[in-house]
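Note that ligands are numbered from 1 as they come in the structure, with each ligand's atoms numbered from 1 the same way.
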Amino acid sequence: MTDDLATGPYRSVTVSFAQRSGRLKDRQQRAWDSLAPRFVIDVPRQVSRTSVDPGFVLDAAEVFGRDAPLVVEVGTGQGEAITEAAAADEGRNYLGLEVYRPGMAQTLQRMRRLGLENVRLVQVDAASALRTLLPAGTVDELWTFFPDPWHKSRHTKRRLVTQGFAETVARVLADDAAWRLATDWEEYATQIRRVLEASPDLVVTPDTSRFAGRTLTSFERKGLERGRVIHDVTAVRSPRGDRRTAEAAGPA
Ligand SMILES: C[S@@+](CC[C@H](N)C(=O)[O-])C[C@H]1O[C@@H](n2cnc3c(N)ncnc32)[C@H](O)[C@@H]1O
């Protein structure tokens with residue numbers, strides 16, 4: 001199997017994550033060995049360790065052992081947000097998509113401390129995987145908190161939130177479901193708003209207040225310590241019927 005590469009002939013979407021050692025510390029390895037078989041979904045791969053076979057569609061009811069509204073977090077990092085939210089909201093299923101295995105191991109450790117049963121993780125490049133991993137219209141809420149800012153001008157093309165990613169997210173969101181984002185990088189916030197406003201399937205809400213369900217993560221705390229301003233952006237998936245109705249009605 002080909003290992004992950006930052007670029008490669010098989011990649012058709014942006015690679016938004018840095019190549020880092022996936023080596024686990026001893027405690028993380030022990031947490032991984034005991035908890036991953038139950039809570040990390042072993043998906044069939046296509047070409048790399050963070051790819052997913054496009055023919056595979058995840059059956060959320062099966063992997064969670066119950067049918068419940070599904071919240072997806074893209075880029076769970078150390079798992080601070082997803083675990084706190086899942087603990088406070090046992091009625092929903094929480095799916096975390098992350099590429100970085102040490103972060104996932106930390107998330108598993110938090111899950112164990114909180115005794116969580118309603119969280120599952122998948123080690124995938126979400127930009128690619130979300131195009132096929134979940135059935136259309138099945139996500140109740142999707143979160144992208146502090147995507148890597150890639151602030152140097154030669155790196156901005158590596159940002160996760162692009163027009164293509166917005167389409168990918170809009171596909172999985174249920175009608176009227178929210179996509180919540182946050183960033184501490186002003187210019188990325190502008191890009192995010194521009195991308196979301198240009199999406200035919202998303203409507204940006206005027207509410208820019210901090211999402212009450214968003215836990216303060218260590219990443220956010222470091223940004224605040226450096227004097228950064230946090231920008232929250234929310235978009236809502238337009239009901240699918242609206243577009244079909246408009247198309248069927250033809251030009252006014
Ligand atoms: C800056 S960190 C923020 C982590 C967390 N959301 C927080 O607020 O603390 C961004 C995270 O997104 C992950 N990430 C970046 N691109 C990704 C992708 N395409 N798919 C899944 N995870 C990704 C990184 O590995 C990293 O853990």
For ligand 1, which atoms sit closer than 4.0 Å to a heavy atom of [X]?
{"X": "Asp148", "answer": "1 (C), 10 (C), 12 (O), 15 (C), 24 (C)"}
{"X": "Glu73", "answer": "6 (N)"}
{"X": "Leu97", "answer": "21 (C), 22 (N)"}
{"X": "Thr217", "answer": "7 (C), 8 (O), 9 (O)"}

Applying a heavy-atom cut-off of 4.0 Å, say which part of [X] lies close to ligand 1: side chain, backbone, both or neither.
{"X": "Arg20", "value": "side chain"}
{"X": "Val15", "value": "neither"}
{"X": "Val124", "value": "backbone"}

With a 4.0 Å cut-off on N to O distance, would you call Arg226 and Asp184 a salt bridge? no
Does any N or O of ligand 1 fall below 3.5 Å from an N or O anywhere on Gly75, backbone included?
yes
Quick check: Thr76 and ligand 1, any N/O pair under 3.5 Å apart?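 The answer is no, given that Thr76 and ligand 1 share no N or O pair closer than 3.5 Å.
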Measure the distances from the heavy atoms of [X] to every atom of ligand 1 and state whether one is below 4.0 angstrom.
{"X": "Gln78", "result": "no"}
{"X": "Glu98", "result": "yes"}
{"X": "Thr144", "result": "no"}

Worksheet entry | CG on Leu181 to CG on Leu160, rounded to 0.5 Å |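 Result: 9.0 Å between the selected atoms.
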Exactly one of Val236, Val204, Thr205, Thr234 clears side chain to side chain contact (heavy atoms under 4.5 Å, CB included) with Leu196, and that residue is Val204
Do Asp148 side-chain atoms and Trp150 backbone N/O form a donor-acceptor pair below 3.5 Å?
-> no
For Glu187, the option from Arg159, Lys152, Arg194 that meets salt bridge (charged side-chain N to carboxylate O under 4.0 Å, His left out):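 Looking at Arg159, Lys152, Arg194, the match for Glu187 under the salt bridge (charged side-chain N to carboxylate O under 4.0 Å, His left out) is Arg159.
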>> Checking side-chain polar atoms at under 3.5 Å, does Thr217 have a donor or acceptor matched by the opposite partner on Gln78?
In response: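 No, Gln78 and Thr217 have no side-chain donor paired with an acceptor closer than 3.5 Å.
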